[in-house]
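Notes to accompany the following structure.
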Amino acid sequence: MLKSHLLKAITLFLLFFAVNLTFAQKAYQVKDIPDPKKNGGGYVSDPDGILGNSAVSELNSTIADFESKTNVQVSVVVVNDFDHDKEDFDFAYELFNTWGIGSKTSNNGLLLFISKERRKYRFITGTGAEGVLPDVKLKHIAEQELLPAFRENNFANGIVNTINAIGEVILKPENKSELNQFFTQHESNSLLENFWLPTGIILLAFFGVFKIVNKQAKNGLNQKTFDKNNSFDTTIAKGCGVIFFIAFVSVFVFVFTGAFDLFKNIRLAHVPYILFAVLAIALFFRYLFYISALRKAHHDDKNFFDSVVAFHKKNWWLVLFSPIILIAIILHLIKRVKAIDRFKPILDSKSNPMVRVDRDINMEGEPFLTKGQRIEELVKAYDYDIWESTDHKEHIIKAWPAEAYNQYTECPDCYFRTYQLNKRVTIRAATYSHDGQAKLINECSFCKKTEFIKWITLAMLTRSSSSSSSSSSGSSSSSSSGSSWGGGSSSGGGTGGSW
């Protein structure tokens with residue numbers, strides 16, 4: 001019996017030892033190291049609990065104070081073990097650049113990486129911090145503060161004292177001034193190079209492009225026709241312009257006020273790209289509006305195609321400012337190729353080429369088209385091409401399906417393709433207080449034949465319940481540490497060693 005209990009105790013002890021040994025030997029990959037910025041917005045990553053909560057809290061508070069006074073970002077990472085295929089420098093260097101410690105523009109970050117089991121420490125510095133914290137200085141601080149405590153297995157005190165010693169260096173008035181000046185200069189240069197300069201160039205370039213396009217639009221159409229055909233388009237263009245401007249300003253505000261986490265990865269340098277995309281879309285719409293104005297100005301399809309081709313030949317460079325215009329150009333080219341046979345001259349009875357009647361001049365097609373055929377054109381069921389012999393004794397009419405061809409069918413009474421099926425006619429509009437009423441009919445646009453099908457009840461309008469969840473702005477009063485690193489990088493500066 002005693003032997004059995006002893007055997008169980010030994011088994012449990014071995015199992016407990018094996019479990020603890022497994023945990024102790026866990027080797028972290030870079031991707032496995034918890035990022036403190038994403039776990040509370042701190043600076044210290046201690047996944048194995050080597051330092052203890054009080055030491056981590058003290059370090060976070062001290063480092064946050066450094067950043068608020070000098071703009072330097074410091075991170076401390078303490079683990080039992082790490083990737084056995086990498087040396088401590090390679091691992092710490094990759095970790096530094098993966099997180100992006102320090103400002104992206106001034107690279108003023110500092111990482112202290114420690115492996116308890118491997119008995120290794122490593123400092124990695126960004127180029128912006130090397131002037132104040134050179135390798136020799138960091139090595140001296142480590143030998144004075146870090147290593148003596150580590151040899152006593154007092155990791156918390158060693159790291160706290162080391163960070164305090166670093167603080168004494170960077171908070172010296174001359175060093176603090178240098179760090180802030182370095183940061184400010186880089187931020188100022190970055191603003192000029194990455195925001196103001198490209199933004200100014202983009203705005204000026206698009207301003208010139210819109211001026212050219214508008215001038216050509218007015219010159220390409222006579223002023224009266226331009227105003228008549230383009231007034232509606234201009235209204236839409238202005239409306240879209242206002243929408244795009246509001247969208248751009250909103251994104252700008254969201255980015256710099258931290259209003260939504262959706263935009264937290266967008267930086268100032270990204271704004272010119274966003275602005276270019278917005279203006280490129282606006283230019284595309286302006287191009288479409290001009291093509292629409294040409295369509296309305298030319299009742300004759302051939303004249304319309306020729307006008308569009310002439311515009312494209314003269315303004316192909318618009319593709320450089322709005323690449324999506326290329327899609328519209330290709331589509332117009334395909335339509336024109338399909339219409340080549342349509343506009344080839346037809347031969348009369350004497351084998352002489354006939355002349356196509358210009359429908360911009362003879363809009364009504366008189367005396368060749370009947371009234372029913374003209375209505376077919378007006379409802380866009382058919383386009384009619386009229387060919388006349390040079391001696392005006394012969395003519396031929398060719399019918400081509402138009403945009404609304406499939407929306408109409410042949411009328412059973414007048415036999416023109418002007419009969420619209422299942423047309424809904426509103427008799428009484430629906431409001432917020434009562435239902436509406438409409439009737440479903442078949443109707444001919446030429447002979448006015450009407451066939452009633454049924455009555456339809458239009459549902460009463462309902463007001464949308466404004467979800468008063470005023471997007472609780474997620475203002476977790478993000479401490480001065482912020483929720484992410486600054487995007488900095490290192491060129492390999494720093495020092496390290498063993499104890």
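No experiment lies behind these values; they were computed from the predicted model shown.
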Kindly compute the distance separating [atom1] ([X]) from [atom2] ([Y]), expressed to the nearest 0.5 Å.
| X | Y | atom1 | atom2 | result |
| --- | --- | --- | --- | --- |
| L110 | I63 | CG | CD1 | 8.5 Å |
| S75 | N60 | OG | CG | 9.0 Å |
| N362 | I386 | CG | CD1 | 6.0 Å |
| L369 | I375 | CG | CD1 | 11.5 Å |
| K393 | S349 | NZ | OG | 10.0 Å |
| K344 | W387 | NZ | CH2 | 11.0 Å |

Is the side chain of [X] donor-acceptor paired with the backbone N or O of [Y] at a distance under 3.5 Å, no angle test?
| X | Y | value |
| --- | --- | --- |
| S292 | L288 | no |
| T98 | E94 | yes |
| T426 | A429 | no |
| N315 | L318 | no |
| D83 | Q29 | no |
| T450 | K448 | yes |
| S61 | E58 | no |

Work out which heavy atom in [X] is nearest to a heavy atom in [Y]; give both atom names and the distance.
| X | Y | value |
| --- | --- | --- |
| V209 | W317 | CG2-CZ3, 3.9 Å |
| A402 | D383 | CB-OD2, 3.8 Å |
| A92 | L111 | O-CD2, 3.4 Å |
| I453 | N422 | CD1-OD1, 3.3 Å |
| S322 | F284 | OG-CB, 3.6 Å |
| L461 | A430 | CD1-O, 3.7 Å |

Flag the pair [X] / [Y] as yes when at least one side-chain heavy-atom distance between them is below 4.5 Å, and no otherwise.
| X | Y | value |
| --- | --- | --- |
| T199 | P272 | yes |
| W99 | I33 | yes |
| T409 | N442 | no |
| V308 | F304 | yes |
| I201 | P198 | no |
| V77 | V79 | yes |
| I346 | E394 | no |
| I396 | M354 | yes |

Verify the ring-centre separation between [Y] and [X]: is it less than 6.0 angstrom?
| X | Y | result |
| --- | --- | --- |
| H312 | Y287 | yes |
| F113 | F96 | no |
| F276 | F206 | yes |
| F416 | F446 | yes |

Counting only heavy atoms from other residues, nucleotides and ligands, does the tally under 6.0 Å from [atom1] of [X] exceed 12?
| X | atom1 | result |
| --- | --- | --- |
| W400 | CH2 | yes |
| N53 | CG | no |
| R295 | CZ | yes |

Residues [X] and [Y]: side-chain donor-acceptor under 3.5 angstrom:
| X | Y | answer |
| --- | --- | --- |
| D48 | Y28 | yes |
| Q437 | T457 | no |
| Y405 | E376 | no |
| D360 | H299 | no |
| R286 | N214 | yes |
| Q420 | E443 | no |

Report the residue from R359, K302, R342 that forms a side chain to side chain donor-acceptor pair (under 3.5 Å) with D385. R342
Quick one: is the NZ or CZ of R417 closer than 6.0 Å to the six-membered ring centre of Y408, and within 45° of its axis? no
Pairing of R336 and D301 as salt bridge, 4.0 angstrom limit: no
Salt-bridged, R428 to D435, with N to O below 4.0 Å? no
Residue pairs fulfilling ring-ring contact (aromatic ring centres under 6.0 Å, His included) with at least one residue in residues 343-376, sequence neighbours excluded: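 Every pair satisfying ring-ring contact (aromatic ring centres under 6.0 Å, His included) with a residue in residues 343-376: F368-H395.
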